[in-house]
Each structure stands twice: as structure tokens, then as C-alpha cells.
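Below is one structure, written out as C-alpha cells; comments come after it.
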Protein chains: 2
Amino acid sequence: MKHIITKLNPAFDHRVRLGIMSVLMLEEWVDFSSLKETLNLTDGRLASHIKALEKETYLEVRKRFIARKPNTSYRATDEGRKAFQAHLDALEALLRAGNSGQPE
Amino acid sequence: MKHIITKLNPAFDHRVRLGIMSVLMLEEWVDFSSLKETLNLTDGRLASHIKALEKETYLEVRKRFIARKPNTSYRATDEGRKAFQAHLDALEALLRAGNSGQPE
DNA sequence: ACCAATAACTTTGAATTTCAAAGTACTCTA
DNA sequence: TAGAGTACTTTGAAATTCAAAGTTATTGGT
């Protein structure tokens, strides 16, 4: 008998992390600099938000070299996808039903 | 040529404020204790998030007495509704198009 | 006039989060 | 082994968030 907002995942409270996840929901293996440009972030800021998502095991990392340059890519884990989808579902529910306790 | 996440409103980053706004989008004049119960928050926590939204003039306040007890209600201002709707539109766009710069 | 009760805050202080700026590690190429 | 480029990490300061406790305003009872 909890309210819908309790189903909103605090890990996705922040718009930068929403941005990262939404990019990674649509495309597998997006690299650091693409994310950085797409979301218009500094290195440090992006890295710290990625780290937070990694800590939740919502994304995984692949490091390699392309054209003799280091290239790090990320993709959402299954867990991350599920968690994000659940968050979006909760958001939607929040806006449809909007209000008092929903049956568990 | 900015990314969609720049259209996400930092004022709505937090799930509690999303909850408050979503309730107030569907119903005018919701009172303090209803919000508190609906969202399962402490007095202080609710008050502080309301304060943040008031500061942005996203909601307005009405104080009166009902059954000889103080009763404070809130509703979203037009500005608040517009801002919240814009936020939701941005969220939606984020999930549909998801990625690189959208035309201004 | 005074006091208790209730609703709605406000304050305090500590923990956590966020950020920019600067520094560092790693690997490649020459 | 020096230099270049990518991807971080560290640092330190500012802002945010929270629970807990304290405060204000008004009513109703005495």
C-alpha cells in the first residue's frame, strides 16, 4: 500500500543519469566521448555519474583501442534496463493515476 | 543545438518534487496533510520540497481554517503547470529520440 | 486571561551529492 | 623514453537532502 513515488528509483533522480540511461536504452555500446558530447558534459561530471550507475551494476564497461586510441564504451546491463524501465513505468503511472495508494 | 537533457528542469530532478507536481497536475488545492500522507513524507521533508517549488513560483498557497483547524492547501500555478509539462515533454522526447542534438 | 492541542512549518546540524578544476594513468607512436 | 590523447581520479568547496527537534499561529476549554 505504498505510493507510486516509492517506486521511483533514486538512482535516476538526476537528469544526467536519466540522459545516460536513455541513450543506452536505445543503443548498445556507446563510448565515453559520444556520451560526453551528446549530453554536453565535462569529463569529470560524466565519469562520476557513470561511476554511480556502475556501482548499481546498471551498466558495464568495455575498454579497447580503436585507431590506436583508447576507447571506452558502456552499455546498460539487463538489470539496468529493467530498473530503468521500472522507473519509467512508475513515472507513467504517476502521471496517469497520480495519487493515493495503489494496491501492491 | 542543445541536447534534450538541457530541457529537463533541475527543479524536478527529485522524485518527491515530481510526486508533488504530479498530484497537483490532476487536482487543484490539495492540502498539506493529504500530500504528506499520499506521498508518505514527514512534515519537514514535505515542507522543504514545497518551499523549493514555491521559490520557483511553481505553486501557490491558501491558508484557512476548516472545522476549526488550520488547513493549508497548494495548487500548481500556470507557470508551474507549463514548466512541469515541458519537463514531461522533454522526458518523453528523451525516450523517443533519445540521442544527439535536436533542432532548436 | 491562560493553557493545551493541533497543523504547519522552521531551524539545526550532519551526511550526502554535485560540480569544476586540476592532476594522473594508461597505451600507443615515434 | 618522450609526447600525445583518452579516460579517468582526486580535491575541495558548494549545494542539497534528511531526521529530529523546536516554533508559530489559532482555536477551544477553563
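Residue numbers begin at 1 in each chain, while the letters A, B, ... track the order of the sequences. Computed from a prediction, not measured in an experiment: that's the story for all the values here.
- B/Val23 and B/Val61 fall within a single hydrophobic cluster, where Ile, Leu, Val, Met, Phe, Trp and Tyr side chains are chained together by heavy-atom contacts under 4.5 Å.
- Per the geometry, CZ belonging to B/Arg15 stands 11 Å off P belonging to C/dT17, to the nearest Å.
- At whole-Å resolution of the value, CZ in B/Phe32 and P in D/dT24 are 17 Å apart.
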What N/O pairs connect the protein and nucleotides 11-17 of chain D at under 3.5 Å? Give each pair on its own line.
from   : atom 1 : to      : atom 2 : distance (Å)
D/dT17 : OP2    : B/Arg17 : NH1    : 3.2

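- When the P atom of C/dC9 is taken as reference, atom CZ of B/Arg64 falls 14 Å away, rounded to whole Å.
- Proximity of A/Phe32 to A/Ile50: side-chain heavy atoms (C-beta onward) are separated by under 4.5 Å at one or more points.
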Give me the distances for all protein-to-nucleotides 22-24 of chain C N/O pairs that come in under 3.5 Å?
none

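- Rounded to an integer number of Å, the gap from CG of B/Leu59 to P of C/dC9 is 11 Å.
- Distance CG (B/Asn40) to C1' (D/dC18): 15 Å, rounded to an integer number of Å.
- For D/dA19, the OP1/OP2 oxygens have a side-chain nitrogen or oxygen of B/Thr42 closer than 4.0 Å.
- A perpendicular orientation is assigned to the rings of A/Phe12 and A/His87, their planes being inclined by more than 60° (bins at 30° and 60°).
- Across the protein-nucleic acid pair, A/Leu46 atom CG and C/dA21 atom P stand 17 Å apart, rounded to whole Å.
- A/Lys36 comes within 4.0 angstrom of no nucleic acid atom, judged by non-hydrogen atoms across all strands.
- Here the NZ-CG distance, from A/Lys7 to A/Leu94, works out to 11.5 Å after rounding to the nearest 0.5 Å.
- With hydrogens and angles ignored, the 3.5 Å screen pairs a side-chain donor or acceptor of A/Arg81 with a backbone N or O of A/Met25.
- A/Thr38 is not listed as a side-chain neighbour of A/Val30, based on a closest heavy-atom distance of 4.5 Å or more.
- Residue-level contact check: A/Ser48 touches neither bases nor backbone, having no heavy atom under 4.0 Å from any strand.
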Pick out the pairs of N or O atoms, protein on one side and nucleotides 25-30 of chain C on the other, that lie under 3.5 Å.
from   : atom 1 : to      : atom 2 : distance (Å)
C/dT29 : OP1    : A/Arg68 : NE     : 2.2

